[in-house]
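All heavy atoms count here, side chains included; hydrogens, waters and symmetry mates do not. Each ligand, and each atom within it, is numbered from 1 in the order the structure gives.
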Amino acid sequence: MDRQDIIRWLQEEDPQRLENLWRAADEQRRRFVGPQVYLRGLIEFSNICRRHCGYCGLRADNTAITRYRMSEQEILDCADKAVALGYGTVVLQSGEDPAVTCQWLCDIIRAIKARTPLAVTLSVGERETPELAAWREAGADRYLLRFETSDPVLYDRIHPPVGARRSDRVAMLGTLRKLGYEIGSGVMVGITGQTYGSLANDIELFARLDLDMIGVGPWIAHPDTPMGKGAPQAPASIYQVPATELMTYKVLALARLVCPMANIPSTTALATINTAQGRELGLQRGANIVMPNLTPVKYRSLYAIYPGKACIHETADACQQCLSRRIESIGRTIGQGRGDSPRYGRDMSMRQEDVS
Ligand code: SAH
C-alpha cells in the first residue's frame, strides 16, 4: 500500500467500500495477532505537567484543574490490583512532572517487578536519555510516546519546546529502541491543521519506525486549551482531516495494514466519542488491546487530558467487568500473560540466533 492508496482510503466515504477496509484490517489482525485481546491496566499517577501542549488539558498554565501525584504506596496498590484482576501489564502514565525523579520512578519500577510478574510500560513524556536508560535497567519493558504528527511545522505549533531545545519525539523513539524497550507511538486524528497528506505521512512513519504499539484516537477539543478554545472543531476544508469517529477507524485499520504485528489499542478517546460501541468497533477494525483504568476514582476525573472522558467514575473492578463483557460479546478472548510484542519477540530470537 503506497501513500496514494492511504490517502484514497482516508478520503473514502462510501460505506460499502469502507466495509472492505474493515474486513481487510480485521483479517490481518486475526492472522497476525489472533483472537486474544490483551488488557493493560492504566495508572495515571500524576497530572502535574511542565509543558504547554496546545491540545492537552494537563498543560502547565491550566489553572482550572486540581493537581495530584500518587504516592509510591498508592501506585503499588494499583499494581497489586492489576494482578488480582488478571492483567499482564501496567502502564504508568503522567504529565511531565519535574518531581518524578529518575530515582523515585526507578524505585517504583523495581518494587513492582519484585512483587509482581507484570510487564511495566512507561508513558511519562520526554525525558533525558540517562533517565530512560536507568528505568530500563530497573526493569521497565515498554515506552509509549506518541509523535502526535509527523509534520514538523504543525508539531512545533501544538507542542512548544521547553527552553531552547526543540522537542524531537521521533529521535527519542530511536533512543528507546536502542535501549531495548518495546516502543509505542501514535497520533491524534483531526487536530487543527492536520491534512490528509500529513496523516498519510504519519501512517507511513508507523511502518518505518516498525512500532510495537500504535495508539490512535480522535482529537477531542478541550475548552481550557488554545486549540480547543473558541473553535471546538477545526474549520471544514477539503484539506483538513475531521476529528471524527469514522476517520479514527480508518486510521486504526490502516495502521493494522501497514504494521500487521503491532499491538493496537481501542482507545478511551474512541470510547468517549462513542460510549455505546466505540471500543467494540475499534477491536473489529484493527485493534487488539484495551487499557482498563486502574487509577483510584478520587484522582481519575482530575486526569482530564480532554473533557467527558469515558469510564471516569467506574472503579477498577467495574472497568474490568465492563471491558471483559464487551470483548466476549464480539467473540474474542482475553489474552493471558504479558502480551509482549510479536515483532519484538522476533527481533529477540533473531538476536539469539546471531549469538549462537
Ligand atoms: N505526558 C505524556 C502522556 C500524555 S497523555 C506524553 O506526552 O506522552 C497521552 C496522549 O493523550 C497524548 O500523547 C495525546 O496524543 C493524547 N491527548 C492529549 N490531549 C488530547 C485531546 N485533547 N484529545 C485527544 N487526545 C489527547
Side-chain angles (χ1 to χ4, degrees), residues 40 42-60 62 64-65 67 69 91-100 105 121-127 131-132 142-150 154-155 158-162 167-170 172-173 176 181 183-194 199 202 206 211 213-229 231-234 241-245 247-248 251-252 255 265-274 278 291 293 295 300 302-310:
R40 321 294 203 198
L42 179 62
I43 309 173
E44 298 156 329
F45 69 90
S46 165
N47 71 350
I48 298 168
C49 192
R50 67 193 180 115
R51 299 200 77 112
H52 299 274
C53 302
Y55 45 88
C56 182
L58 304 189
R59 64 203 311 276
N62 180 12
I65 51 169
R67 304 284 172 166
R69 178 183 316 111
V91 180
L92 300 178
Q93 191 177 83
S94 69
E96 280 182 32
D97 179 349
V100 172
L105 197 50
T121 303
L122 302 179
S123 174
V124 299
E126 291 160 57
R127 304 285 304 223
E131 301 177 301
L132 305 174
R142 311 180 185 138
Y143 205 104
L144 300 178
L145 185 76
R146 293 188 180 176
F147 60 75
E148 316 292 3
T149 169
S150 60
L154 181 56
Y155 182 75
I158 66 170
H159 193 91
V162 173
S167 109
D168 187 343
R169 289 189 163 205
V170 175
M172 192 178 136
L173 287 164
L176 289 162
Y181 285 94
I183 58 168
S185 194
V187 298
M188 285 171 286
V189 175
I191 49 175
T192 312
Q194 184 181 57
L199 184 53
D202 298 346
F206 295 163
L211 297 173
M213 304 167 280
I214 303 171
V216 290
W219 169 58
I220 299 173
H222 190 306
D224 300 320
T225 62
M227 275 171 65
K229 219 176 262 159
Q233 293 292 329
V241 172
T244 57
E245 185 186 352
M247 190 59 66
T248 305
V251 180
L252 267 182
S266 186
T267 55
T268 305
L270 192 51
T272 298
I273 59 170
N274 180 351
M291 297 171 66
N293 205 318
T295 313
R300 212 179 283 184
L302 304 177
Y303 198 83
I305 50 184
Y306 49 77
K309 216 163 135 211

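In this structure, CG in Leu154 is found 4.5 Å from CD1 in Ile191, a value given to the nearest 0.5 Å. Note: Met227 CE to Thr192 OG1 = 4.5 Å, rounded to the nearest 0.5 Å.
Ion pairing of Lys309 with Glu44 is present here, as a side-chain N (NZ or NE/NH1/NH2) and a carboxylate O approach within less than 4.0 Å. A salt bridge between Arg50 and Asp97 is absent, with no side-chain N of the basic residue lying under 4.0 Å from a carboxylate O of the acidic one. Taking the charged nitrogens against the carboxylate oxygens, Arg169 and Glu126 do have a contact shorter than 4.0 Å, which makes a salt bridge.
Listed for the Arg40 side chain is no donor-acceptor partner under 3.5 Å among the backbone atoms of Val91. With hydrogens and angles ignored, the 3.5 Å screen pairs no side-chain donor or acceptor of Gln93 with any backbone N or O of Leu144. In this structure a side-chain-to-backbone donor-acceptor pair under 3.5 Å is missing from Tyr306 to Tyr55.
The nearest pair of heavy atoms linking Leu302 to Ile65 is O-CD1, 4.2 Å.
Tyr55 CD1, 3.6 Å is the protein heavy atom nearest to atom 18 (C) of ligand 1. Considering only non-hydrogen protein atoms, atom 4 (C) of ligand 1 sits nearest to Tyr303 OH, 4.4 Å. Residue, atom and distance of the protein heavy atom nearest to atom 11 (O) of ligand 1 are Ile305 CD1, 3.6 Å. For atom 24 (C) of ligand 1, the closest non-hydrogen atom on the protein side is Pro218 O, 3.2 Å. For atom 22 (N) of ligand 1, the nearest non-hydrogen atom of the protein is Ile220 O, 2.8 Å. Here the protein heavy atom with the shortest distance to atom 9 (C) of ligand 1 is Gln93 NE2, 3.7 Å. The protein atom (non-hydrogen) at minimum distance from atom 1 (N) of ligand 1 is Ser94 O, 3.0 Å.
The side chain of Glu148, and not its backbone, has at least one atom closer than 4.0 Å to an atom of ligand 1 (non-hydrogen atoms only; side chain from C-beta on). Residue His159 does not touch ligand 1, judged by heavy-atom distances below 4.0 Å.
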Checklist entry - What's the verdict on side chain to side chain contact (heavy atoms under 4.5 Å, CB included) for Asn62 and His222, showing C-alpha distance, side-chain angles and the deciding distance? => result CA-CA 11 Å; Asn62 180 12; His222 190 306; 4.3 Å; yes

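Closest to atom 7 (O) of ligand 1 by heavy atom, among Arg169, Arg146, Lys309, is Arg169. Taking each of Arg50, Met227, Met188 in turn, the one with a heavy atom nearest to atom 20 (C) of ligand 1 proves to be Met188.
Residue-ligand proximity: Arg59 is placed with every non-hydrogen atom at 4.0 Å or more from ligand 1. Residue contacts with ligand 1 do not include His222, since none of its heavy atoms lies under 4.0 Å from the ligand.
Within the listing of ligand 1, atoms 19 (N) sit less than 4.0 angstrom from a heavy atom of Cys56. When each atom of ligand 1 is checked for a heavy atom of Trp219 under 4.0 Å away, the hits are 21 (C), 22 (N), 23 (N), 24 (C).
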